[in-house]
Amino acid sequence: MRVLAFEALRAVDERDAYANLVLPPLLRKAREQEGFDARDAALATELVYGTLRRQGTYDAIVAACVDRPLREVDPPVLDVLALGAHQLLGTRIPTHAAVSASVELARVVLGDGRAKFVNAVLRRVAQRDLEGWLAEVAPPYDEDPEDHLAVVHAHPRWIVSALWDALGGGRAGIEDLLEADNERPEVTLVARPGRATRAELLDVLGEGAGEPGRWSPYAVRLAEGGEPGALDAVREGRAGVQDEGSQLVAMALADAPLDGPDARWLDGCAGPGGKAALLGALAARRGAALLAAEKQPHRARLVQRALAGNPGPYEVVTADGTRPPWRPGSFDRVLVDVPCSGLGALRRRPEARWRRRPEDLEGFAPLQRSLLAEALKSARVGGVVGYATCSPHLAETRAVVDDVLKGHGGAQEVTAEWIDARPLMPGVPALGDGPDVQLWPHLHGTDAMYLALLRRTA
Ligand SMILES: C[S@@+](CC[C@H](N)C(=O)[O-])C[C@H]1O[C@@H](n2cnc3c(N)ncnc32)[C@H](O)[C@@H]1O
């Protein structure tokens with residue numbers, strides 16, 4: 001079990017792999033060769049995800065227990081130490097078991113000499129509980145609030161700062177948000193309209209295995225341990241796994257008031273196709289057709305798969321949304337769910353927060369502006385455009401929309417006005433001052449999706 005967790009951590013560290021991709025094949029192999037059962041798999045997953053999520057905090061604690069700078073300690077040794085620190089400070093595994101299992105792991109994967117070092121360091125780590133260590137290694141809140149929160153809630157400081165800027169408010173809100181990022185998100189399904197119903201999914205799941213989503217009439221929240229792949233509707237593509245925030249975004253775009261024709265919809269950044277599949281089903285109900293465009297051919301194939309069986313007309317094209325092959329002004333509704341830092345989905349990717357750099361945002365900025373500008377040009381006058389990101393970072397949300405409304409990003413020849421998105425998410429609380437909408441994990445239980453709705457005016 002711990003060897004498997006170590007292998008996963010090494011792959012994430014060494015090859016920049018993603019834990020959610022590395023883990024399933026390792027677990028499959030362990031099931032086949034070592035007879036791993038569901039409980040073993042759950043524990044191994046918890047060890048890997050928990051260690052990765054709180055890596056920055058564990059590194060700070062380990063640094064306080066090692067008599068040389070951490071950069072002088074080999075990365076595989078640091079991985080064993082972080083894994084050990086997580087067992088000691090972040091799980092209910094008894095201290096002696098956590099230390100002895102970590103030393104045994106070190107002996108197997110690092111050799112006897114380094115196992116002694118691991119033993120000495122973890123014995124020091126074991127002298128305090130997590131609270132005691134945080135009081136020791138985090139600066140007091142009053143001295144440096146952002147650094148304090150960064151260490152206590154295991155986020156890089158620049159991300160604490162960016163999230164706090166976007167969220168506003170005082171200490172309680174940002175602490176709740178950072179803690180929500182450290183929780184495993186529940187799995188939410190979407191019953192694609194016209195193909196499956198929520199009642200059908202709930203019925204198949206049976207009592208206690210699922211409950212209705214909070215706001216989307218298509219959402220079903222799976223109980224802990226629920227396996228989406230076990231449902232026929234999911235295997236047949238009539239339902240899918242989709243965060244309720246993504247469902248709300250697609251529904252808001254579909255429901256935005258529109259004068260004149262409502263026959264042609266575009267999803268300009270469709271891969272892998274979650275929102276496209278819901279939009280396609282909603283478009284079908286209204287007799288509209290969906291064009292789903294995606295730049296990466298392999299992701300376009302995923303969109304094709306997501307839309308297969310859609311009850312209305314649709315087409316999937318591999319196309320660059322910054323140089324679109326379609327005629328300008330030809331769509332009534334357009335969504336661009338642009339590539340972004342993903343800071344709104346940190347719950348799902350435990351390693352992402354430590355891998356992202358503030359400079360990444362500069363890389364996304366021109367693309368985001370250009371995709372929104374082209375989306376506006378693609379809409380007819382009077383048509384609706386939705387700009388969505390899975391990041392609440394103000395540089396990826398409001399700043400992009402404001403810039404494009406001023407004509408940047410290639411939008412000189414189009415004008416647009418805001419549509420208030422809040423009434424299009426009826427019943428959803430805490431949507432802010434508008435006209436755009438920012439969802440939050442700690443307030444809505446969704447990813448931190450952002451949506452701006454615009455109407456092309458000329
Ligand atoms: C945030 S994802 C979209 C997620 C999708 N809406 C969903 O719900 O499944 C952004 C997508 O835009 C694609 N993309 C990046 N640059 C693009 C471009 N210039 N034109 C079209 N698509 C692009 C990426 O490959 C990625 O699949």
Side-chain angles (χ1 to χ4, degrees), residues 18 20 188-190 192 216 218-219 234 237 239-254 265-283 290-308 310 314-326 331 333-346 348-349 352 356 360-361 363-378 385-393 396-397 400 404 409-411 439 446-452:
Y18 298 102
N20 63 337
T188 309
L189 303 180
V190 57
R192 292 179 176 140
S216 160
Y218 314 116
V234 172
V241 174
Q242 186 171 45
D243 184 66
E244 192 168 1
S246 290
Q247 300 181 35
L248 293 173
V249 162
M251 286 159 51
L253 177 78
W265 296 14
L266 168 69
D267 181 346
C269 288
K275 291 186 194 69
L278 180 52
L279 281 177
L282 294 171
L290 176 74
L291 177 67
E294 162 60 47
K295 186 175 179 192
Q296 303 288 343
H298 69 281
R299 288 173 77 82
R301 282 195 289 279
L302 297 177
V303 181
Q304 191 66 259
R305 205 178 302 158
L307 273 162
N310 189 59
Y314 71 91
E315 192 185 341
V316 179
V317 291
T318 305
D320 182 345
T322 65
R323 281 179 294 156
W326 48 83
F331 294 95
R333 295 181 194 268
V334 178
L335 176 69
V336 271
D337 181 15
V338 298
C340 69
S341 63
L343 294 188
L346 295 180
R348 298 184 191 282
R349 301 180 202 122
R356 278 269 167 243
D360 297 345
L361 298 200
F364 289 121
L367 178 60
Q368 291 166 341
R369 281 162 180 72
S370 174
L371 284 166
L372 175 55
E374 292 304 325
L376 282 172
K377 291 184 209 165
S378 302
V385 172
Y387 172 85
T389 65
C390 193
S391 165
H393 198 303
E396 302 187 271
T397 59
V400 174
V404 171
L439 299 171
T446 64
D447 290 339
M449 290 290 311
Y450 170 83
L451 176 66

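Just so you know, these numbers come straight off a predicted model, no measurement behind them. Counting convention: from 1, in listed order, for ligands and their atoms alike.
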Exercise for the section: Start with the C-alpha distance between L367 and V338, add both sets of side-chain angles, then the distance that settles side chain to side chain contact (heavy atoms under 4.5 Å, CB included), and finish with yes or no. Expected result: CA-CA 8 Å; L367 178 60; V338 298; over 6 Å; no
Exercise for the section: Please identify which atoms of ligand 1 are closer than 4.0 Å to at least one heavy atom of G321. Expected result: 18 (C), 19 (N), 20 (N), 21 (C)
Exercise for the section: Look at R348 together with D447 and state whether they make a salt bridge at an N to O cut-off of under 4.0 Å. Expected result: yes
Problem - Which of the ligand 1 atoms, numbered from 1, are nearer than 4.0 Å to a heavy atom of G271 - result: 2 (S), 3 (C), 4 (C), 5 (C), 9 (O), 11 (C), 26 (C), 27 (O)
Fill in the blank from the handout: In ligand 1, the atoms that come under 4.0 Å of a heavy atom of V338 are 1 (C)
Practice task
Heavy-atom distances under 4.0 Å are what count here, so tell me which part of L335 touches ligand 1: side chain, backbone, both or neither.
Solution key: neither
Exercise for the section: Answer whether the closest heavy-atom distance between the side chains of Y218 and Q242 falls below 4.5 Å. Expected result: no
Problem - Candidate with minimal heavy-atom separation from atom 6 (N) of ligand 1, of L367, L371, D337 - result: D337
Exercise for the section: Start with the C-alpha distance between V249 and L335, add both sets of side-chain angles, then the distance that settles side chain to side chain contact (heavy atoms under 4.5 Å, CB included), and finish with yes or no. Expected result: CA-CA 9 Å; V249 162; L335 176 69; 4.3 Å; yes
Problem - Minimum heavy-atom distance V334-A375, with the two atoms named - result: CG1-CB, 3.8 Å
Exercise for the section: Examine the proximity of ligand 1 to K275 and report which part, side chain or backbone, both or neither, has a heavy atom under 4.0 Å away. Expected result: both
Exercise for the section: Please test D267 against V303 for side chain to side chain contact (heavy atoms under 4.5 Å, CB included), starting from the C-alpha separation and ending with a verdict. Expected result: CA-CA 11 Å; D267 181 346; V303 181; over 6 Å; no
Fill in the blank from the handout: Note: A319, heavy atoms under 4.0 Å from ligand 1, region reported as backbone
Handout entry: Element-labelled atoms of ligand 1 that are located less than 4.0 Å from some non-hydrogen atom of Q296
Key = 25 (O)
Fill in the blank from the handout: ligand 1 atoms nearer than 4.0 angstrom to some heavy atom of G268 are 21 (C), 22 (N)
Handout entry: Student check: side-chain heavy atoms of L343 and P392 closer than 4.5 Å
Key = yes
Fill in the blank from the handout: Filtering C269, A270, P339, A277 for the heavy atom nearest atom 15 (C) of ligand 1 leaves P339
Exercise for the section: Please state whether G273 comes within less than 4.0 angstrom of ligand 1, counting heavy atoms only. Expected result: yes
Handout entry: Donor + acceptor pair across side chains of E396, S391 (<3.5 Å)
Key = yes
Practice task
Compare K295, Q247, R299, E294 and give the one whose heavy atom is closest to atom 13 (C) of ligand 1.
Solution key: E294
Problem - Any side-chain heavy-atom pair of L291 and F331 under 4.5 Å - result: yes
Exercise for the section: Return yes if some donor-acceptor pair links the side-chain N/O of Q247 with the main-chain N/O of L189 below 3.5 Å, else return no. Expected result: yes
Practice task
Among all protein heavy atoms, pick out the one at the shortest distance from atom 19 (N) of ligand 1; state its residue, atom name and that distance to 0.1 Å.
Solution key: D320 OD1, 2.8 Å
Fill in the blank from the handout: shortest atom 9 (O) of ligand 1-to-protein heavy-atom contact is with G274 N, 2.9 Å
Practice task
May I ask whether A293 places a heavy atom under 4.0 Å from ligand 1?
Solution key: no
